[in-house]
Amino acid sequence: MQPHFTPPAAGRSLSIDAFRGLTFLVMIFVNELGPVGGIPAWLKHMPADADAMSFPDVVFPCFLFIVGMSIPFAIAGRLRRGDDAWRLNRHIAARAFALIVLGFFMVNAEEGFDAAAMALPIALWSLLFYAAVLLVWGTLPFASATLRQALRLAGIGLIVLLALLYRGGPQGGGWMTPQWWGILGLIGWSYLIAALLYQLARGRVAVLIGLIAACVAYWSANRIDGLPPALQWLLAQPDHAAHGSIVLCGVVCTLIFFDTGRPADSRRRLAEAAAFAAALLAAGWLLRPWFGISKIYATPSWCLISAAIAVLVFGALHLLVDLRQATGWIRWVEPAASHPLLTYLLPFVIEAALALAGLAIPAPLRYGALGIAWAMAYAALVVWLVSRLARTGLRLQL
């Protein structure tokens, strides 16, 4: 079933690029704030049971939301190039699988390993994994297709070898486990769910809103005590449905703003987006007494309120960038927008390299205002490094 979506003639939106670039810049900033002490609570992730959310707690939902915004464009592009349903969904499954693999390995590099039982220091193990990622999913600057294919196969072999070398568990005799799927893994699962549901809905906004409600209901049903074991198994991994609801909100946002097959002017589109955000905010607030607000538990209130914030932020960017043509500033975040996977992975590469070299960020940069300033400077530095790497032809594409 082909979704009904008519993208703009340009096929790409500067406001989506701006939103993506800003989100990745802020992601680097808040991640670097993680170990910083002496800063306001709103700059830290809220505890799981706090029934609250902070500024950093909205960053991951914006990731998911942007994934959803890209789905109608990506599927429309592949259909224009002649993909049938089989090739389209094979591509979707391959992208989701790659993200899940990346998230799975990255989580196990952060925790669960037994350093004494590992054949390699975990920092070196991580760097070798990122090298394998480059071989498998990188754009390799070689004219020979045979050589490129051989290097990709070598990268796959290295990933398998690293999995075999991994040792975890209390006695060092265990293997890698999905303690959680990692940010990229969670994005992979929710992308897979939303891309399939988008096709099922055939791009109809009313059906998609119903599917968002269904995802929320699926998560909520998992929290009912006393469910039969068979039903508990059926409702496994409810967080994927919760995260999928945010991705679907991004899909709806794209249809509101960019479906040229819908007879709506800019003012009406902004009004529809505002109404959508208000409905999400109201639904999230009404569900709060039952489930609370928690990023860690992926509660419906956190999902829906975060999606409402993303709709409003994107609406403001659309007004600024697409309608008022204020585009000059986008060049500062364009590297992150054009190379999102490279931007996400580079800080982890830097962290592993520093650990392997026995280096650490100086203690004064891990406290107070100086820590905040360092996090801002570090985010800008990473985006600049991405721009330098991109000029060499380095790309990571799933």
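We use all heavy atoms of the structure for the numbers below, so side chains are in, but hydrogens, waters and symmetry mates are not.
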* Structure fact -> Note: Cys62 and Phe19 closest approach over all heavy atoms is SG-CZ, 4.0 Å
* Can you check side chain to side chain contact (heavy atoms under 4.5 Å, CB included) on Leu394 and Thr139, steps first, answer last? -> CA-CA 6 Å; Leu394 178 63; Thr139 302; over 6 Å; no
* To do: Compute the ring centroids of Phe258 and Phe73, then answer whether they are less than 6.0 Å apart.
  => yes
* More than 12 foreign heavy atoms under 6.0 Å from CE of Met376: is that the case here? -> no
* Can you tell me if CH2 on Trp137 sees more than 12 non-hydrogen neighbours from other groups inside 6.0 Å? -> yes
* Asked: Do you know the tightest heavy-atom contact between Leu270 and His318?
  -> CD2-CD2, 4.3 Å
* Structure fact -> Nearest heavy-atom contact between Ala390 and His339 is CB-NE2, 3.3 Å
* Asked: Do Ile187 and His243 come close enough that some side-chain heavy atom pair is under 4.5 Å?
  -> no
* To do: Please report the shortest heavy-atom distance between Val251 and Pro72, naming the atom on each side.
  => CG1-CG, 4.0 Å
* **Carboxylate-amine/guanidinium contact Glu32 Arg366, below 4.0 Å** => yes
* Asked: Which atom pair, heavy atoms only, marks the closest approach of Ala273 to Phe257?
  -> CB-CZ, 3.4 Å
* **Ring centre gap for Phe314 and Phe65 strictly below 6.0 Å** => no
* Output yes when Arg268 and Asp265 qualify as a salt bridge under the 4.0 Å nitrogen-oxygen rule, no when they do not. => no
* Report yes if the side chains of Leu196 and Asn89 come closer than 4.5 Å at any heavy-atom pair, otherwise no. => yes
* Heavy-atom side-chain proximity of Gln199 to Leu88 below 4.5 angstrom -> yes
* Using a cut-off of 6.0 Å, state whether more than 12 heavy atoms not belonging to Phe348 lie near its atom CZ. => yes
* **Exceeds 12 heavy-atom contacts within 6.0 angstrom, atom CZ of Arg324** => no
* Asked: Does the side chain of Trp302 reach to within under 4.5 Å of the side chain of Pro61, using non-hydrogen atoms?
  -> yes
* Structure fact -> For Ile122 and Ala109, the nearest pair of non-hydrogen atoms, with its separation, is CG1-O, 3.5 Å
* Asked: Would one find more than 12 heavy atoms of other residues, nucleotides or ligands at under 6.0 Å from atom CH2 of Trp329?
  -> yes
* **Result of checking Phe129, Phe105, Trp175, Trp125 against Tyr166 for ring-ring contact (aromatic ring centres under 6.0 Å, His included)** => Trp125
